[in-house]
Each structure stands twice: as structure tokens, then as C-alpha cells.
Amino acid sequence: MGWQDAEGGTPLPPLYSTTEDFPKRDKILPQFDSNFEEKLFAERQEKLARIAALATGPDATPAQLQAARYPNSFPFTINVPDLRAAGDPKTGEELEASPIPAAITGRVMAHRSQGKAGFAVLQQNGTRLQIYVRKDDVGSSPEQAQALFDLYKLLDLGDIVGVRGTLMRTRTGELTLHARAIDIQPGQPALVLLTKSMLALPDKYSGLEDIETRYRRRYVDLIMNSGAQAKPAPSADVSSRPESEQSADAVERPASPPTPDTQQPTPDTELNVRATFVKRAAVLRAIRTFFDARGYLEVETPMLHPVAGGATARPFTTHHNALDMPLYLRIAPELYLKRLVVGGLDRVYEINRNFRNEGVSPRHNPEFTMLEFYQAYANYHDLMDLTQELITDVSKEVNGTTIAKFPLPQGPRAGEWVEIDLANWQKLSMREAIIKFWPASAGTPPTLESITTQLDHCLHNASKSMEAYLENFSEGDQYDEAQLVADDPEALQSLREVFELRRRTRELQRSLKQIFDKHLRDGSNKAYSDIFELFAEEHLIQPTIIYDFPLAVSPLSKVKPDEPEWTERFEFYIGGFEVGNAFSELNDPVDQEGRFNDQLAQKAAGDDEAMGEMDSDYVRALGYGLPPTAGEGIGIDRLTMILTGSRSIRDVILFPLMRPEKKDAEKSELEKESDASHGESAE
RNA sequence: GGACGCGUAGCUCAGCUGGUAGAGCAUUCGACUCUUAAUCGACUGGUCGUAGGUUCGAUCCCUACCGCGUCCA
């Protein structure tokens with residue numbers, strides 16, 4: 001873009017000094033919901049007009065002025081992280097002796113003016129760099145310098161600018177781009193406004209902390225929580241100022257360049273939303289590399305399903321207008337992927353979204369990303385090996401280590417940070433896991449033999465034992481908590497622990513009883529997986545493969561040759577929750593049809609967790625012959641949670657589902673409308 | 001779905017078992033040519049989530065609802 005010298009020396013007239021000066025106008029953008037924002041918007045429109053006039057000079061036509069408000073490019077020579085990498089190892093003397101010129105862009109995150117000079121901090125690609133603007137050397141003529149310094153003074157936090165200059169170090173050692181004309185882009189101004197920010201960024205120091213706003217306005221979250229904010233880490237010593245100390249050191253001993261996009265989050269580092277999503281992309285890339293290298297073909301199967309199959313979950317329903325047919329958003333790609341193996345694509349994988357019309361929790365989002373892969377001529381033992389290899393590999397690729405620091409999301413230790421070694425796996429059969437984590441309150445754990453052949457008996461004993469255990473507890477009710485506070489805080493603490501233990505035991509006992517009663521009614525082996533979830537799941541923090549699932553909960557898995565009530569299926573658990581699910585695929589079409597029918601019968605009998613519809617084309621596909629095949633699904637969001645140390649699935653999904661935030665006015669209008677329609681329909 | 005917690009200025013937060021609101025940052029104006037949570041001076045900014053109730057009087061107490069969070073199912 002061209003630059004014309006503006007008239008020098010003319011002081012800028014003030015903006016609005018009082019609210020009365022503030023021009024009355026119709027609301028331009030109704031989504032600005034406060035007077036503050038409306039006023040700010042108007043002020044910044046005014047500043048933008050002035051900046052455009054400074055850029056074009058006094059003789060510009062209205063069309064030129066309009067175009068100057070939003071320039072359409074800036075020929076930057078380097079990204080800020082790369083420029084830092086180039087400048088951080090250099091001392092001030094070195095930078096003076098052999099200047100490094102650069103043209104960069106960035107968002108203004110700090111703006112400090114002091115008369116006829118000023119510093120601003122730009123942020124780009126998650127990295128910050130200070131710029132220095134002096135009135136006497138920012139332009140190549142006094143007139144241009146005046147105009148550019150006027151422009152500098154009209155900048156606001158949040159503005160996106162282009163800056164040309166050479167690297168220097170300040171007195172305190174901070175690497176800084178000194179804005180001035182540079183030889184590599186002759187005749188171009190040292191400072192250009194590229195986009196004006198019309199809204200106020202959050203507090204420059206505290207940033208954006210409100211969790212709800214962070215999810216709803218992820219764009220602001222990404223600006224403010226990019227790992228470059230001014231505030232020290234929460235657990236760091238507040239009295240020290242680590243950044244300024246580092247800067248002071250840098251004169252003699254320059255610090256290595258910060259790498260905010262690759263650092264491993266731990267309880268000791270600050271929130272870095274940007275790094276989380278950069279890492280999520282790295283997870284996907286590593287998975288693709290892993291499967292591509294092993295001869296798997298990446299495929300895409302339908303998301304719109306006439307029959308929602310492949311999992312037990314409630315689907316979202318929709319409708320195709322032209323064909324006038326009901327459709328479901330897929331709950332799993334499984335049945336399509338196995339059709340492809342029938343078709344001779346022996347190794348396939350798909351990474352894409354599934355949709356389940358169920359609750360929202362720190363581990364569930366209605367749409368989530370699933371990896372599914374299928375391998376012909378393999379069984380679940382092969383996939384156990386492959387899984388360990390995959391997870392270890394991805395972790396190394398993404399984090400450079402197999403150690404993950406992770407805040408436990410649930411259970412008695414919820415919130416506690418644990419260290420997980422993703423290269424160190426254990427395997428337990430489901431029944432072994434139940435025995436291993438059999439709670440003390442449930443009495444002597446059963447043997448493998450007894451739990452396999454006498455489940456009724458085991459559940460009966462456990463239930464009785466827990467009832468007795470709870471009765472012995474009841475004396476705890478007699479303590480007076482207030483008295484204990486005064487007497488002995490430690491005793492109170494241990495009393496609280498006792499209460500907590502009793503509460504948990506009571507819940508455990510209640511759940512156990514429900515499982516037992518249900519089992520007595522239907523005699524189903526589903527009780528095994530229910531008990532497993534109740535007793536064992538929360539303890540599975542280190543990577544654990546749980547294998548051999550009851551037939552009753554595995555309608556798509558092959559049964560074990562020696563135990564027809566059990567299937568060749570495993571799930572793996574990390575951090576106390578399920579991350580993946582795999583099995584030797586059932587490929588007998590007759591058996592498969594029978595199992596679908598069983599599921600339909602269970603559904604009809606009121607079991608919400610049964611599959612509700614027969615996919616007869618899938619059965620037909622099996623009729624052509626599915627080779628012996630093993631398949632697996634891995635929750636990418638959950639895996640990413642572990643690899644990024646995120647405590648909620650919402651922290652690894654850019655735009656998690658939120659309830660709409662209705663404005664009061666809208667709400668009352670909606671109410672009126674619905675009242676009116678009720679009135680009409682009543683007539 | 002249940003229990004508990006939170007909702008006060010654009011952001012981060014105070015607000016005393018009731019007397020219609022404060023701070024810092026940001027904004028606006030002024031000073032300052034190496035600052036860095038810049039500093040100094042002056043100002044501006046609020047339907048205290050929403051709707052009812054109790055009260056002479058409600059940000060505060062009560063009820064319902066909305067949104068978010070945590071735990072549980």
C-alpha cells in the first residue's frame with residue numbers, strides 16, 4: 001500500500017471528553033449488550049477514520065479512505081516465533097553490530113506510551129514480542145514520523161498491526177523490534193494498522209478466566225490464553241516476577257526461546273488453550289502416520305444413517321426433504337467399516353465425528369471424535385499389542401515422552417494430579433479386575449472359579465457384607481461436629497473422612513443392590529460389566545487392558561471358543577475412564593442376525609441400553625463373507641485429554657455444546673410468541 | 001435426573017446475618033523519548049443472572065426459573 005506524508009505538527013483534536021459529546025446513533029450492532037461496548041465501538045470507529053486519513057493523506061477520495069480502513073495485505077518477512085528464535089541468542093551489541101531487519105504482524109496486547117516514545121507488545125502465533133516506537137526515528141521524514149507516531153497513539157489493545165524495524169535489546173535486556181524504515185522493504189512505513197479491534201479485550205493481566213465465557217467465546221480464549229499472558233503461573237511464587245528477572249538475566253545470558261505450542265501442561269504451568277489444540281492436531285497427525293505406515297487405508301463412511309447401528313446409544317434424528325426420509329446422525333461407523341473389509345479393503349481406519357443424543361459431562365460431549373480401525377486376519381490379541389504400540393507411539397510423537405501428567409477427573413481422588421506411564425500396561429480379565437478391586441466392605445473377594453460359576457452367590461454375600469459393614473458404622477452419627485472444631489481440628493478431619501467413607505460405602509451398597517436385584521430378575525451376565533464399572537473402573541489409572549466381556553453386552557463380538565457366554569472383547573482404561581473398545585468381529589451372519597433379534601427383544605422389554613434396530617443389509621454383507629477381523633474404536637477427545645492434562649472434554653473441543661444464552665428481551669418475546677400460538681390453537 | 005456451589009462495571013474481584021454499590025485493569029482527557037501488571041493526575045462506566053415474595057427499605061433473607069461448575073445417577 002502507498003504512503004503519503006500527512007501534514008506534520010498538527011495536534012490531534014480530542015475524542016469525546018464527556019458523555020454528552022458521544023454521538024447519538026442507532027444501535028449498529030445489537031449484539032453489543034452494554035452502553036460501554038456501544039460507546040467503545042463508536043470511539044474506535046472514529047479512531048479508525050482518523051487512522052485511515054493518516055494513511056492516505058489529506059487529498060484522499062472517500063473511496064480511498066474507505067479502503068484504507070481495512071487494508072488487505074501486509075508483506076511480513078517472518079513469524080514472531082521465528083524472529084524470536086533468531087534474536088533471542090543475540091546480545092544487544094551483536095544486534096547493533098549486525099542489525100536484523102524484519103516486517104512482522106501481530107495483535108497489540110500491551111500499549112505503553114510515554115510522551116514522544118512508546119512500547120507495545122505484539123502477539124502472533126502464540127508468541128509475544130515487544131516493539132519500540134520513537135517519534136524522532138519512526139519515519140524517514142519528520143512529516144512521516146509525525147504521522148506514524150500519531151498512528152501509534154491511536155492504537156488500542158487488540159488492534160492488529162504490521163511493523164517494520166530492526167531488532168534491539170532494551171536497557172533491561174528485552175528483545176524488541178525498533179520500528180523504523182528498513183532497507184529490505186524500501187519506502188514502506190514502519191507501522192501500519194491492519195485491523196482495528198472494535199471491542200475491548202479482557203483484562204491484560206488477569207486475562208479471561210470465566211469458564212463459561214471461555215467456551216462460548218473461544219476466539220477470545222485463544223487470544224488471551226495462548227501461553228504468553230503476563231500473569232505468572234497460579235502455583236508460582238506470587239511475590240517474584242519471573243519474567244522481568246529473566247529479562248534482566250538476558251543481557252549476559254539470553255534465555256532460550258519460549259516454545260508455548262509444544263510445552264507439556266502440568267499443574268505448574270499456566271492455562272494454554274492454544275497449545276492444547278495444537279497438540280490435538282499433533283495427536284491426529286501421529287495417528288494417521290501410524291496407520292498409514294502399517295498399510296491401513298483412511299476412509300470416510302456416511303454420517304447420515306438410515307439405521308443407527310454399531311453401538312448402543314440414542315441417536316439424533318433428522319430428515320431429508322427431497323427424498324422425504326428419516327435419517328440418523330451416526331452413533332458409530334462400525335457397520336460401514338466392516339462392510340468395507342467384506343469388500344476387500346483389509347485394513348481401514350476412519351477418524352471422524354460420532355453423535356450421541358445423551359447427557360453432557362466432563363467426559364461426554366454430544367458430538368465427539370472417534371478413531372475406528374479394522375484389520376482382517378487379526379483377532380483381539382493382535383489389537384492389544386497394536387493398541388499399546390499406538391498409544392506409546394502417539395505419546396512420544398506428541399509429548400516427546402510416554403509420561404503424562406493428568407488430573408483425575410472422578411472418584412475419591414478427583415482433581416489429584418497423577419503421573420501416568422503410557423508405555424507401561426497391565427492386562428486383567430474383567431473377572432480378575434472385579435476380584436482385584438473387590439472393596440473391603442464387601443467381604444472376602446470371590447475366586448475366579450466362584451465368580452464365574454456362582455455370580456448370584458457372590459453378589460448375595462457382597463450385599464450382606466456391606467449391609468453389616470454399614471451397621472457398624474452408625475455410631476459415627478453421634479459426634480457433634482461443632483464441638484470437634486473447637487476441640488481438635490485433626491479429629492474433625494478424620495471424622496469427615498469417616499463420613500465420606502461411609503457415604504461412599506452406602507452408595508456402593510445401593511448400586512450393588514440394584515445390580516443384584518436386576519440380575520435376579522433377568523439372570524443376565526450384564527451384571528459382570530456393571531459390577532466391573534462399580535468396583536474397578538475408577539482404579540484403572542495406569543493404562544490397563546480389560547479383556548473378555550459378557551456376551552450379553554457384546555452383540556457384535558465373537559464368543560470365546562472355550563466359554564460361549566464370554567466374548568473376545570477388550571476395553572482399555574487410562575486415568576480412570578474408558579478410552580478404547582475392541583473385539584474380534586463376529587462374522588457369522590446367522591449368529592449376527594440372532595444377536596440383533598436378541599437386542600430387539602431386550603429393547604422391547606425396556607432395556608434402554610440395547611440396540612433398537614436391525615441392519616439387515618449389514619447381515620447380508622456378512623453373508624458374502626467377512627474374513628476373520630478385529631476392530632477397535634478409540635475416543636480421540638479422551639486420549640487428547642490425557643495427553644494434554646485436561647480435566648474436561650470441553651477443554652479439548654474447540655466449540656463444546658453449550659445451552660444458548662438467551663437475552664432477557666428475547667426470552668420474554670419467545671414467551672409471548674408461545675403464549676400467542678397457544679391462544680390461536682385454543683381458538 | 002439429584003445434591004452442593006457460583007452468577008456484582010468490558011475483564012479480574014471486594015461488598016460486614018438488610019439502609020438502592022466499591023477497587024484494580026481497560027475506556028476518555030492531561031503529563032512523560034528504554035517501558036514492561038509502566039508511572040502520575042482527572043474522569044467515565046452498574047436493571048447486583050431473571051421473575052416473584054418478605055420488609056418502611058433487598059446485591060444481601062425466602063421461592064421459582066435461567067446459565068455455568070463440581071460431585072453423584
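Every chain is numbered from 1, with letters handed out A, B, ... down the list of sequences. Model, not experiment: these values are computed from the prediction.
- B/G22 and B/U59 are spaced 12 Å apart, taking the C1' atom of each and rounding to whole Å.
- Listed nucleotides: B/C72, B/U35, B/C11. Nearest to the side chain of A/Leu208: B/C11.
- Separating the P atom of B/C4 from that of B/U12 is a span of 27 Å, rounded to the nearest Å.
- For the pair A/Ala110 and A/Lys116, nearest-nucleotide mapping onto RNA chain B gives the more 5' position to A/Lys116.
- Minimum atom distance to the side chain of A/Glu43 is reached by B/U27, of the listed B/A26, B/C34, B/U27.
- Residue-level contact check: A/Arg134 touches the bases, meaning some heavy atom is under 4.0 Å from a base atom.
- The side chain of A/Leu40 has B/U27 as its nearest neighbour among B/U35, B/G67, B/U27.
- For B/A26, the OP1/OP2 oxygens have a side-chain nitrogen or oxygen of A/Lys204 closer than 4.0 Å.
- Remark: side-chain polar atoms of A/Asn225 are not paired, donor with acceptor, to backbone N or O of A/Leu271 under 3.5 angstrom.
- Taking the C1' atom of each, B/G7 and B/G46 are spaced 15 Å apart, rounded to whole Å.
- Within 4.0 Å (heavy atoms only), A/Ser113 reaches at least one base atom of the nucleic acid.
- Nucleic acid contact for A/Arg510: none, since no nucleic acid atom lies under 4.0 Å from a heavy atom of the residue.
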Given Watson-Crick or G-U pairs with both distances under 3.5 Å, what dot-bracket string fits RNA chain B, with | for other-strand pairs and [ ] for crossing? (((((((..((((.....[..))))..((((.......))))......(((((..]....)))))))))))).

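- Side-chain to base pairing of A/Gln114 with B/U39: no donor and acceptor N or O lie closer than 3.5 Å to each other.
- Minimum atom distance to the side chain of A/Pro202 is reached by B/C11, of the listed B/A37, B/U35, B/C11.
- Applying the 4.0 Å criterion to OP1 and OP2 of B/C68, one finds that A/Arg659 has a side-chain N or O inside that range.
- Within 4.0 Å of A/Tyr215, counting heavy atoms only, lie sugar-phosphate atoms of the nucleic acid but no base atom.
- A/Phe119 has its CZ atom 17 Å from the P atom of B/C32, to the nearest Å.
- Within the 4.0 angstrom heavy-atom criterion, base atoms lie near A/Asp136.
- Aromatic ring centres of A/Phe437 and A/Phe535 lie farther apart than the 6.0 Å criterion allows.
- For B/U27, neither phosphate oxygen OP1 nor OP2 lies less than 4.0 angstrom from any side-chain nitrogen or oxygen of A/Lys47.
- At least one side-chain nitrogen or oxygen of A/Ser34 sits closer than 4.0 Å to the OP1 or OP2 atom of B/G10.
- Look at CD on A/Glu212: it is 14 Å from P on B/C66, rounded to the nearest Å.
- The P atoms of B/C61 and B/C48 are separated by 16 Å, rounded to the nearest whole Å.
- Look at the P atom in both B/G41 and B/C25: the space between them is 10 Å, to the nearest Å.
- Closest contact between the side chain of A/Pro362 and the listed nucleotides B/C71, B/C11, B/A37 involves B/C71.
- Here the separation of B/U55 from B/A14, taken at their P atoms, is 32 Å to the nearest Å.
- Rounded to whole Å, the separation between the C1' atoms of B/A58 and B/U20 comes to 9 Å.
- Within the 3.5 Å criterion, the main-chain N or O of A/Gln130 finds no donor-acceptor partner in the side chain of A/Glu174.
- A donor-acceptor pair under 3.5 Å is absent between the side-chain atoms of A/Arg128 and the main chain of A/Leu122, judged by distance alone.
- In this structure, NE2 of A/His111 is placed 16 Å from C1' of B/A37, rounded to the nearest angstrom.
- Nucleotides of RNA chain B nearest to A/Met658 and A/Ser511 differ in position, and the one nearer the 5' end is that of A/Met658.
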Criterion salt bridge (charged side-chain N to carboxylate O under 4.0 Å, His left out) on A/Arg217 and A/Asp221, from CA distance to verdict: CA-CA 7 Å; A/Arg217 299 189 179 155; A/Asp221 190 24; over 6 Å; no

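- When the C1' atom of B/A73 is taken as reference, atom CZ of A/Arg363 falls 12 Å away, rounded to whole Å.
- With B/C11, B/U35, B/C34 as the candidates, the nucleotide lying closest to the side chain of A/Met168 is B/C34.
- One can place CZ of A/Arg107 at 18 Å from P of B/A26, the figure rounded to the nearest angstrom.
- Atom CD in A/Glu174 sits about 12 Å away from atom C1' in B/A38, given to the nearest Å.
- Side-chain N or O atoms of A/Glu94 include one that pairs as donor or acceptor with a backbone N or O of A/Thr91 at under 3.5 Å.
- Rounded to whole Å, the distance from CD1 on A/Ile649 to P on B/G69 is 13 Å.
- Taking a centre distance below 5.5 Å and an interplanar angle below 30 degrees as the stacking criterion, A/Tyr205 stacks against the six-membered base ring of B/A37.
- OP1 or OP2 of B/U35 has not a single side-chain nitrogen or oxygen of A/Arg112 nearer than 4.0 Å.
- When the shell of 6.0 Å around CD of A/Glu358 is examined, it contains more than 12 heavy atoms from other residues, nucleotides or ligands.
- Remark: A/Phe149 pairs with A/Tyr152 by the ring pair (Phe, Tyr, Trp, His ring centres under 6.0 Å) rule, at least two apart or across chains.
- A/Asp203 contributes a side-chain N or O that forms a donor-acceptor pair with the base of B/G24 under 3.5 Å.
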Between A/Glu43 and A/Lys47, does a salt bridge (charged side-chain N to carboxylate O under 4.0 Å, His left out) hold up when you go through it step by step? CA-CA 6 Å; A/Glu43 283 165 0; A/Lys47 284 188 181 176; over 6 Å; no

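- Looking at A/Asp156 and A/Arg44, a side-chain N of the basic residue comes within less than 4.0 Å of a carboxylate O on the acidic one, giving a salt bridge.
- Comparing the same atom, P, in B/A38 and in B/U27 gives a spacing of 11 Å after rounding to whole Å.
- A/Arg214 comes within 4.0 angstrom of no nucleic acid atom, judged by non-hydrogen atoms across all strands.
- Rounded to whole Å, atom P of B/A26 lies 15 Å from atom CG of A/Leu155.
- With sequence neighbours excluded, no residue forms a ring pair (Phe, Tyr, Trp, His ring centres under 6.0 Å) with A/Phe516.
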